[in-house]
Protein chains: 2
Amino acid sequence: MNNEKDRVTIYQVAKAAGVSLATVSRVINKQGSVTPATRKKVEDTIASLGYRPSGLAQALATNRTTNIGVVIPSANYVYIANFLNGITDVAKEKGYSLTLFSTSHSREEALQMIEKVISSHVDGAIIFDDQLDSEDISHIASYNVPAVVIDQKVSGEKVANVLFNYDAILDQTIKRYYSRRGDKKMSFLHVHNAGRLLAHAEKKFIKAHEEMGKDYAIINCDDSYTRTYNYFCEYFKTNRKGFFIAYRDSIAAAVLNAATDSGLNVPKDVEVMSLVGTKYAHIVRPTLTTFSIDMNEVGKRAMYMLTDLLNHSLVEKTAKFDAELVRGGSTIDRSGSDPDYR
Amino acid sequence: MNNEKDRVTIYQVAKAAGVSLATVSRVINKQGSVTPATRKKVEDTIASLGYRPSGLAQALATNRTTNIGVVIPSANYVYIANFLNGITDVAKEKGYSLTLFSTSHSREEALQMIEKVISSHVDGAIIFDDQLDSEDISHIASYNVPAVVIDQKVSGEKVANVLFNYDAILDQTIKRYYSRRGDKKMSFLHVHNAGRLLAHAEKKFIKAHEEMGKDYAIINCDDSYTRTYNYFCEYFKTNRKGFFIAYRDSIAAAVLNAATDSGLNVPKDVEVMSLVGTKYAHIVRPTLTTFSIDMNEVGKRAMYMLTDLLNHSLVEKTAKFDAELVRGGSTIDRSGSDPDYR
DNA sequence: GAACTATTTGTAAGCGCTTCCAACAAAAAT
DNA sequence: ATTTTTGTTGGAAGCGCTTACAAATAGTTC
């Protein structure tokens with residue numbers, strides 16, 4: 001064992017074992033034929049010298065890094081952390097490392113990260129960003145970096161897509177709401193820069209309302225629990241009723257708590273729900289109704305698709321995840337006989 | 001712009017610009033002297049060829065990767081995500097990338113990850129693991145990988161430490177509880193494999209009780225919100241009173257919700273608090289009392305320490321974070337005149 | 001304008017590994 | 001005993017870059 005010494009190289013191992021570089025390389029890569037005797041000899045000197053192959057040099061020589069770049073807005077959202085977790089599990093199974101690129105919801109930073117991904121020489125990338133358009137992203141494909149793009153359709157030979165589908169369930173939920181006894185005005189919580197998914201849902205929300213000729217509101221709010229909570233505490237001083245749809249459940253939780261803390265009853269006076277559902281939705285009381293997609297599964301799926309892409313064995317280049325309605329106590333169940341509604 | 005072509009190398013740039021490799025290298029690294037005229041010429045051909053230096057080759061040649069390895073149990077905990085977020089911010093500021101190594105709370109995997117960190121040729125590492133002992137970790141230092149170790153004292157020339165201090169506040173809180181009107185039996189929620197921090201706190205908890213001659217309980221529970229919630233729903237059928245200390249706030253939230261949902265009053269019948277405090281603590285009702293440390297700050301600090309370590313400018317090799325008592329409504333405030341206790 | 005210095009550029013040797021190809025030895029076939 | 005086949009090794013080039021060091025050019029000074 002060497003302590004505080006310079007890195008042991010394959011050359012030193014070869015010398016110590018009395019063989020050539022090539023032979024050592026063969027035993028560490030377990031390929032090519034080596035006599036059991038010499039293999040053992042080499043393995044022993046590797047162990048006694050404490051040799052570790054340099055991933056860098058290997059990568060340069062083989063043109064494979066076994067490294068995947070992951071582009072996300074920030075690790076600080078639970079749904080992103082879930083997504084990351086899914087990726088991590090599969091990456092470990094498949095022997096890949098992950099390099100994180102976080103864009104902080106800024107288009108500029110996102111572009112910069114894409115550049116970084118390209119020069120960082122990753123074998124592939126998973127891109128879950130909400131600021132770039134498909135042209136920005138297809139740029140990465142032109143540099144021969146296989147990529148799986150989340151929540152966006154980007155085409156290219158080495159690009160696969162994971163798409164979310166909130167449309168159907170959102171539309172259906174809104175229409176059912178009005179067709180039963182929906183007596184509250186619906187509001188959609190708009191968050192600046194929250195990205196495509198939200199923007200798309202917002203459009204659907206508006207469209208559904210216009211189709212039904214119903215009045216609605218768009219409320220601008222902050223992507224922060226505390227600020228949203230404070231805002232709604234103020235809001236509920238004058239507005240004592242409403243149905244709110246937020247992007248993330250932690251924002252919905254802010255509305256819910258503000259309502260409860262303002263002496264309102266959820267769901268009688270105020271109904272709330274969100275698109276993204278994480279553990280927050282289960283922890284609040286009443287629990288939150290969400291249109292949910294399991295982000296852990298999305299991460300896993302994305303990583304599987306990427307490894308298939310790298311092995312040229314990916315057949316279906318687009319995966320679609322349909323949001324499911326997960327009922328909580330924050331809305332009134334309007335299905336069937338409405339047992340909860342008195 | 002080249003599309004779908006092989007990587008453009010520095011050699012091609014040199015040739016196209018009619019200069020030598022060395023000159024191109026000088027302009028991309030902005031060092032050594034180059035005539036403005038040739039610089040421009042080179043920059044132009046770089047742009048027109050769409051050349052990007054290979055980080056890999058640079059790293060191999062300079063022996064610097066500008067890459068930091070981050071070892072964590074899992075990204076799926078909010079406090080870890082917060083920590084990661086702090087690291088990310090500083091890393092971006094300092095121009096480092098992050099490679100993630102997740103150990104899944106397994107000692108075996110953790111050891112494996114340490115090996116990976118070593119051969120991945122990172123410039124440094126931040127290690128927040130709960131399974132390894134200091135000997136395991138000091139192993140990494142012997143391979144000349146500068147490291148900042150979280151929540152553990154590891155010594156070595158190139159090792160720095162970030163330590164947490166829950167002892168004082170925990171001891172003080174327990175003793176104050178009994179010296180005022182603490183009438184409920186205290187229980188500590190033990191989670192298998194949750195690591196050092198918890199184990200240490202548990203010891204302190206027991207010690208404080210023995211010093212005061214008070215009865216206490218250790219409850220084994222799962223590191224999962226749902227399972228803990230179910231367990232305590234059962235538990236509260238027969239036990240209608242108690243003071244519970246959990247490790248993470250989401251576990252504490254499970255106890256809190258189970259109590260409320262069982263018709264108990266928090267904090268009158270059941271008091272709950274946790275060591276780690278995240279957004280969960282603010283979202284539940286009543287809010288949770290926690291012994292909190294701002295993990296985002298911990299991440300930032302760790303990364304600053306690491307960059308200083310890499311620049312040989314780190315003076316204080318140990319940083320200590322004291323946990324603060326953050327009062328929520330899940331416990332009865334026993335300071336002063338106990339206004340909430342009627 | 002010669003002698004010298006400062007600045008800009010090119011040459012070539014690595015960084016630590018893989019891998020093709022040739023060389024050789026041992027086993028099998030004739 | 002000789003040729004062919006199979007299996008095991010070593011030599012050497014190359015992955016894309018950096019960086020002494022040498023060479024060449026331009027700029028000073030007397």
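All values reported here derive from a predicted model rather than from experimental measurement. What you see below is based on every heavy atom in this structure, not just the backbone, and it leaves out hydrogens, waters and symmetry mates. Protein chains get the first letters and strands the later ones, always in sequence-line order, with residue 1 at the start of each.
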- Query: OP1 or OP2 of D:dG10 sitting under 4.0 Å from any side-chain N/O of A:Y11?
  - Reply: no
In whole angstroms, the gap separating P of D:dG14 from CZ of A:R64 amounts to 23 Å
Would you say A:N67 and A:S97 are linked by a side-chain donor-acceptor pair, where the criterion is simply a distance under 3.5 Å? no
From CG of A:L60 across to P of D:dT18 the rounded distance in Å is 12 Å
Nearest heavy-atom contact between B:V117 and B:A125 is CG1-CB, 4.0 Å
Rounded to whole Å, the CG-P distance (A:L21 to C:dT18) equals 10 Å
Residue set satisfying salt bridge (charged side-chain N to carboxylate O under 4.0 Å, His left out) with A:K317, at least two apart, ordered chain then number -> none
Closest to the side chain of A:A57, out of C:dT19, C:dG16, C:dT11, is C:dG16
Worksheet item: Which part of the nucleic acid, if any, lies within contact of A:S25, taking any heavy atom under 4.0 Å across all strands shown: a base, the sugar-phosphate backbone alone, or nothing?
Response: base
The complete set of side-chain hydrogen bond (donor to acceptor under 3.5 Å, both in side chains) pairs with one or both residues in residues 71-81 of chain B, sequence neighbours excluded, reads A:N82-B:N76, A:N85-B:S74, B:Y77-B:H105, B:Y77-B:D223, B:Y79-B:Y247
Taken in chain and number order and not counting sequence neighbours, the residues that satisfy side chain to side chain donor-acceptor pair (under 3.5 Å) with A:T318 are A:K153
Across all chains, not counting sequence neighbours, the side chain to side chain donor-acceptor pair (under 3.5 Å) partners of A:D136 are A:R107
Whole-Å distance, B:L49 CG to D:dG16 C1', equals 15 Å
Would you tabulate the nitrogen or oxygen pairs shorter than 3.5 Å linking the protein to nucleotides 22-24 of chain D?
none

Atom CZ of B:R52 and atom C1' of D:dC15 are separated, to the nearest Å, by 19 Å
When rounded to whole Å, the CG to P distance for the pair A:L56 and C:dC17 reads 10 Å
In whole angstroms, the gap separating C1' of D:dT19 from CD of B:Q58 amounts to 13 Å
Quick note, B:V34 side chain, CB onward, closest among C:dT9, D:dT18, C:dG16 is C:dT9
Salt bridge (Lys or Arg N to Asp or Glu O under 4.0 Å) pairs touching residues 63-84 of chain B, sequence neighbours excluded, are B:R64-B:D123
Rounded to 10°, the angle between the first-five-pair and last-five-pair axes of the helix from C:dG1-D:dC30 to C:dT30-D:dA1 is 40°
Residue pairs meeting salt bridge (Lys or Arg N to Asp or Glu O under 4.0 Å), one or both in residues 72-90 of chain B, sequence neighbours left out, come to none
Rounded to whole Å, the CG-P distance (B:N29 to D:dA20) equals 12 Å
With respect to the phosphate group of D:dG7, does any side-chain polar atom (N or O) of A:T35 fall under 4.0 Å of OP1 or OP2? no
**Item:** Distance below 4.0 Å between B:T23 side-chain N/O and C:dT8 OP1 or OP2
**Value:** no
*Indicate, with a heavy-atom threshold strictly under 4.0 Å, whether B:T62 touches base, sugar-phosphate, or nothing.*
sugar-phosphate
Sorted by chain and number, sequence neighbours left out, side chain to side chain donor-acceptor pair (under 3.5 Å) with A:S104 holds for B:K92
Taking C:dT11, C:dC15, D:dG10 as options, the one with an atom nearest any side-chain atom of B:A61 is C:dC15
Do B:V24 and B:T45 have side chains that get closer than 4.5 Å, going by heavy atoms? no
_By the 4.0 Å heavy-atom rule, please label A:I28 as base, sugar-phosphate, or nothing._
sugar-phosphate
Picking from D:dT9, C:dG16, C:dG10, the nucleotide nearest the side-chain atoms of A:T38 would be D:dT9
- Message: Would you say A:S20 places a side-chain N or O within less than 4.0 Å of OP1 or OP2 belonging to D:dG10?
- Response: yes
Of C:dC17, D:dT8, D:dT18, the nucleotide closest to the side chain of A:Y51 is C:dC17
#### Entry: Flag side-chain contact, heavy atom, 4.5 Å: B:F164 against B:K320
no
- prompt: Taking only N and O in the side chain of B:Q12, is any of them less than 4.0 Å away from OP1 or OP2 of D:dG16?
  reply: no
Applying a 4.0 Å non-hydrogen cut-off, can you work out what B:N63 is touching in the nucleic acid: base, sugar-phosphate, or nothing? nothing
